[in-house]
Amino acid sequence: MLRQVNDHNAGSDGQSRVFLREDLQEFLGKEALLHQLDDLIKVNPVTLETVLRCLQARYRADIFYTNAGCTLVALNPFKPVPQFYTLELMREYHAAPQPQKLKPHIFTVAEQTYRNVKSLMDPVNQSIVVSGESGAGKTWTSRCLMKFYAVVAAAPASWESPKIAERIEQRILNSNPVMEAFGNACTLRNNNSSRFGKFIQLQLNRAQQMTGAAVQTYLLEKTRVACQASSERNFHIFYQICKGASEDERLQWHLPKGAAFSWLPNPERTLEEDCFEETREAMLHLGIDTPTQNNIFKVLAGLLHLGNICFADSEDEAQPCQLKDDAKCSVRTSASLLGLYEDMLLETVRIRTIRAGRQQQVFRKPCSRAECDTRRDCLAKVVYARLFDWLVSVINSSICADPDSWTAFIGLLDVYGFESFSDNSLEQLCINYANEKLQQHFVAHYLRAQQEEYTLEGLEWSFVSYQDNQTCLDLIEGSPISICSLLNEECRLNRPSSAAQLQTRIENALASSPCLGRNKLSREPSFIVVHYAGPVRYLTAGLVEKNKDPVPPELTELLQLSQDPLLTVLFPTQPEEKNQEESLSQSRVPALTVVSKFKASLEQLLLVLHSTTPHYVRCIKPNSQGQPQTFIQEEVLSQLEACGLMETIHISAAGFPIRVSHQNFMERYALLRRLRSPTPSGPHSLPAARGHSGWLPCTEEATLQTVLQDLLSALPALTQTAAIPADPLHCGKTKVFMTESTLELLERGRAQVLEQCARCIQGGWRQHQHRKQERQRQAAILIQAAIRSWLTRKHIWRLHSAATVIKRTWQKWRVRLNKISLQKVSTALC
Ligand SMILES: Nc1ncnc2c1ncn2[C@@H]1O[C@H](COP(=O)(O)OP(=O)(O)OP(=O)(O)O)[C@@H](O)[C@H]1O
C-alpha cells in the first residue's frame with residue numbers, strides 16, 4: 001500500500017492534533033532553512049501552515065519562485081528585480097543540461113515547455129496557464145515568457161531576410177503595449193489591470209523557431225468606457241492621448257490642456273502606463289500607420305466628448321429630454337470627431353424607434369433621462385468594443401504566420417483571477433465561471449488523471465480527497481437547467497421580470513444543487529454560488545439586461561452613416577458584412593447572449609488546452625497594498641486555498657509523477673542491465689568494458705520483468721548517497737511508474753553505461769588505428785629497404801661501368817703507348 005498522504009488531515013481526535021502540533025513546532029524551529037527548500041513538496045509535514053511559512057521565508061530572502069510539484073508558484077515582489085530577468089539568465093536556463101536543477105524560475109517552465117516541443121513527443125503543443133488574483137503578476141509573467149521565447153526561439157537572421165527575422169519577435173512583443181494601452185486600466189487592486197482575458201499562441205516552425213503568433217481575447221470589460229468605480233480609471237489609452245498629444249493634435253482632437261471629462265476620472269494621477277509615445281511606436285511596428293493612429297485617437301476623443309453630454313429630466317413625457325446647458329458644445333464636438341451629424345446623434349440618443357405589427361410599423365418614443373444616458377453609454381461601449389476587436393485583428397494579421405510555416409505552438413493563457421466583491425454581477429459570474437472551468441481542467445489533468453491512472457494500471461493507492469467542482473459547474477452551465485440557461489431563457493422570453501422574481505426562479509429551479517445558497521439577511525435580491533474558491537453573492541438586479549447586452553438597432557444604423565473612415569470600417573453598411581450579432585438582433589431569432597457567447601469561447605479554449613500538455617504558474621499576491629517586503633499570511637493563505645495548491649502538493653509528493661510506457665522504458669533503460677552490483681572495489685566504481693572483468697554479459701532475452709529485476713539489483717551501484725528510494729518504481733499494466741529521484745538514478749546509470757560503451761568503442765577504434773598504423777609502418781620500412789637496395793645496386797652498377805670504361809681506356813692508352821714506343825724503337829733502329 002502506498003503511503004497515506006492525507007492522514008495528517010484525517011485526524012479528528014485531540015491526540016493526533018497534539019502530535020501534529022508538536023511535529024510542526026519542531027519543524028518550524030528549523031525555519032532558518034525553510035527558504036532553501038525549492039519545492040513545497042519538501043516541507044514536512046505538508047500543511048497550509050508549513051507551506052505558508054516556507055513561502056514567507058523565501059519571500060524574506062528575496063526568492064520569489066518556488067516549485068509546488070508540477071506547478072510553479074510566483075510571488076509578486078512588488079519591486080523591480082531586474083537581475084532576475086536578464087538576457088544572460090535566460091541563456092543560462094536555455095543552455096543548462098537540466099534546467100529543473102537550477103533555481104525555480106519562470107524561465108525553467110519556459111525552457112521545459114520549449115524542450116517538450118523539441119522532443120516531438122505527443123502532444124507536441126504546449127500551454128502555460130498563468131492564473132492568480134488581480135495584481136498577482138499574471139501579465140508580468142506572460143510578458144516574461146514572451147521575452148524568453150523571443151530570445152531563445154528567435155530565427156537566426158538569414159542572409160536574405162535579416163529584418164524579417166528580427167521583425168516577427170519584435171512585433172509579437174510590440175503587441176503587449178498596444179493591447180495593454182487599450183485593454184488595461186488602473187483599478188483599486190492593480191494600477192495596470194488587464195480588463196480582458198487573453199490566449200497567445202506562439203507559433204513555432206519545424207526548427208522550433210518562432211515564426212508568428214495569434215492572440216485571442218475574452219470578455220473585454222467594455223462598461224469601463226462609460227462607467228468607472230470611484231478611485232478607478234478608464235482604459236489607459238484615454239489618459240495617454242490627453243497627456244501625450246502634441247499642441248497640434250490637441251487642436252485637432254479638441255483636447256485642450258486641463259479639460260475635464262466625466263469619463264476620465266482621476267486624471268491627475270500619473271502612472272508609468274501613461275506612455276503615449278511607446279503605444280504609438282508599438283502601433284507603428286505592428287503596421288498601424290500614423291494617419292490610422294490619428295484616426296483612432298480622434299474617435300477616442302469623440303467618445304470622451306460624448307461622455308460629457310448630460311440630459312435634464314423632461315417635464316413632458318412626449319418631448320425628448322433637454323440638454324444641459326454646457327452639453328451642447330459637447331454634442332457638436334463629439335459629432336464632428338465621430339463623423340456624425342449633430343442632430344442625428346442627438347435624435348438617436350434621445351428617441352427610441354419601436355417596430356410593431358405585421359408591417360413592422362415604426363413608432364418613435366422619446367426616452368427618459370435614464371434611458372438617454374444608457375443609450376449614450378451604449379454608443380460608446382459598442383464603438384470601443386468594435387475598435388478593440390479590430391485592433392486585435394490588425395495585430396493578428398501583423399504577427400500571425402502562414403499556417404504552412406508552423407507546426408507546433410506554445411499557448412500562454414493569461415486570465416482574470418477569481419473575483420468576489422461585496423456586490424457581484426454578470427461580469428464576476430463569467431470570470432468565476434471561467435476560473436471554475438480552468439480549475440476543473442487543472443484538477444482533471446493533475447489530480448484526477450493521476451489517481452485514475454493508478455487505478456487503471458492496477459497500482460494500490462490511497463486516494464487524496466480533492467475538491468471536484470463539477471457540481472458547481474453543473475449549477476452554472478449544466479443542462480437542461482442552470483443559472484446560464486435560466487438567464488438565457490429570460491432573455492429569450494423578453495418578459496418583464498423584477499430582480500426578486502429572477503431570484504425566486506433561480507432558487508426554485510436549482511434548489512437541489514448543493515452549491516446554491518442564499519443570504520437571508522441580504523436586502524437586495526441575490527443568490528450565492530459556492531465556488532471552489534469560496535462563496536460569492538451575485539445580485540440579480542440587472543443580470544438579464546446585462547446578459548442581453550442590447551445594442552438598439554438605431555445606434556448601429558447611426559454609426560453606419562458615419563463619415564469617419566475608421567467607423568466606416570468598424571460599422572460596414574453592406575448586409576453581407578453585417579456581423580452575426582447584428583443580423584440576429586434584427587431578425588426574429590433570439591440574439592446571442594453574453595453568457596452563451598462566453599460559454600462558446602470558453603469551450604473552444606478548453607478544447608485547445610485539452611490538446612496540449614499544460615504547465616501551470618500560480619501567481620500569488622503577498623499583500624493587497626502592492627508593498628514590497630510585506631507578506632500577509634491570511635491573504636496568501638486564501639489564495640493558496642483558492643487555487644487548490646495543497647492537493648497538488650500532496651499528490652505530487654506522495655505519488656509517482658514519472659510514468660513511462662513499457663516499450664519506451666525498455667528502449668531507454670534495458671541497457672542498464674549491463675551495470676553490476678557493488679563490488680569490493682567500492683560501490684562507485686564504474687562497470688568495466690566488455691571483455692574486461694566486471695562486465696555483465698546479457699545473453700538472455702530482455703523482458704520487462706528481467707530488466708526490472710536487474711535494475712533493482714543494480715540500483716545500489718548507482719547511488720552515490722547510499723540512500724535508495726524506499727519505493728523506487730512500480731510496474732503498472734502498461735506503464736512503469738517512478739519518482740523523480742528514481743528517474744534521476746536511472747538516468748545517471750544510463751549515462752554511465754553509455755559512457756562505458758563510448759569508452760569501449762574508443763578503445764576498439766584506437767586498437768584498430770594502432771594496427772593500421774603498424775601495418776603502414778611495416779610497409780613503409782619494406783618499401784624503404786627495397787628502394788635503398790635498388791639505389792645501392794644502381795650506384796654500384798654505375799661505379800662498375802665507370803671502372804670498366806676507365807679500365808678499357810687505360811688498356812687502349814697502354815696499347816697505344818706500346819705501339820708508339822715500338823715505332824720509336826724501330827725508327828731509331830732504322
Ligand atoms: N516578477 C515581478 N517583478 C517585479 N514586479 C512585478 C512582478 N510581477 C508583478 N509585478 C508588479 O505587480 C504589478 C501587477 O502585476 P500584473 O499586472 O502582472 O498583475 P495581473 O495578475 O496581470 O493583474 P490583473 O489580473 O489585474 O491584470 C505589475 O504592474 C508590477 O509592478
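Nothing here was measured: the structure is a model prediction, and the numbers come from that model. Atoms within a ligand are numbered from 1 in the order they appear, just like the ligands themselves. All residue numbers refer to positions in the sequence shown, counting from 1.
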Full working for side chain to side chain donor-acceptor pair (under 3.5 Å) between E232 and T187: CA-CA 5 Å; E232 295 205 347; T187 66; 4.5 Å; no
Heavy-atom protein neighbour under 4.0 angstrom from atom 9 (C) of ligand 1: yes
Working for side chain to side chain donor-acceptor pair (under 3.5 Å), residues N184 and N192: CA-CA 6 Å; N184 287 23; N192 185 28; 2.9 Å; yes
Quiz item: cation-pi between R618 and F442, 6.0 Å / 45°: yes
Verdict with reasoning, Y218 to L605, per side-chain contact (heavy atoms from CB on, under 4.5 Å): CA-CA 10 Å; Y218 302 93; L605 171 72; 3.4 Å; yes
Basic-acidic side-chain contact under 4.0 Å: K222, D549: yes
Nearest-contact summary for atom 25 (O) of ligand 1 - protein heavy atom, Å: K138 NZ, 2.7 Å
Location of contacts on T139 toward ligand 1, heavy atoms closer than 4.0 Å: both
Nearest-contact summary for atom 4 (C) of ligand 1 - protein heavy atom, Å: K79 O, 3.2 Å
Donor-acceptor pair between S624 and E635 side chains, under 3.5 angstrom: yes
Heavy-atom gap P80 to ligand 1 smaller than 4.0 Å: no
Best match, N190, L271, I431: closest heavy atom to atom 17 (O) of ligand 1: N190
Nearest option to atom 11 (C) of ligand 1, as decided by whichever heavy atom of V415, N76, N191 sits closest: N76
Whether R143 lies under 4.0 Å from ligand 1, heavy atom: no
Protein non-hydrogen atom below 4.0 angstrom of atom 31 (O) of ligand 1 present: no
Atom 15 (O) of ligand 1 - nearest protein heavy atom and its distance: G137 CA, 3.5 Å
Numbered atoms of ligand 1 (with element) below 4.0 Å of N192, judged on heavy atoms: 17 (O)
CA sep, side-chain torsions, deciding dist, call: R189, K621, side-chain contact (heavy atoms from CB on, under 4.5 Å): CA-CA 10 Å; R189 305 196 295 169; K621 211 159 81 164; 4.0 Å; yes
Heavy-atom closest contact (E427 atom, L219 atom, distance): O-CD2, 4.5 Å
R189 and ligand 1 - part of the residue with a heavy-atom distance under 4.0 Å: neither
side-chain contact (heavy atoms from CB on, under 4.5 Å) between L202 and I200, worked out: CA-CA 6 Å; L202 301 175; I200 304 165; 4.0 Å; yes
Ligand 1 contacted by A136 (non-hydrogen, < 4.0 Å): yes
For ligand 1, the portion of S194 having any non-hydrogen atom under 4.0 Å away: both
Polar proximity ligand 1 side, D414 side, N/O cut 3.5 Å exclusive: no
Heavy atom of C619, distance to ligand 1 below 4.0 Å: no
Shortest heavy-atom approach to atom 3 (N) of ligand 1 - which of W140, F64, F196: W140
Proximal atoms of ligand 1 relative to P77 (non-hydrogen, under 4.0 Å): 1 (N), 2 (C), 3 (N), 4 (C), 7 (C)
Side chain to side chain, Y433 and L473, heavy atoms closer than 4.5 Å: yes
Nearest-0.5 Å distance that lies between atom CG in L145 and atom CD1 in I106: 4.0 Å
Y85: numbered ligand 1 atoms lying under 4.0 Å from its heavy atoms: 1 (N), 2 (C)
Evaluation steps, side-chain contact (heavy atoms from CB on, under 4.5 Å), between N234 and R224: CA-CA 6 Å; N234 207 325; R224 185 169 290 272; 4.2 Å; yes
For E133, atoms of ligand 1 separated by under 4.0 Å from a heavy atom: 21 (O)
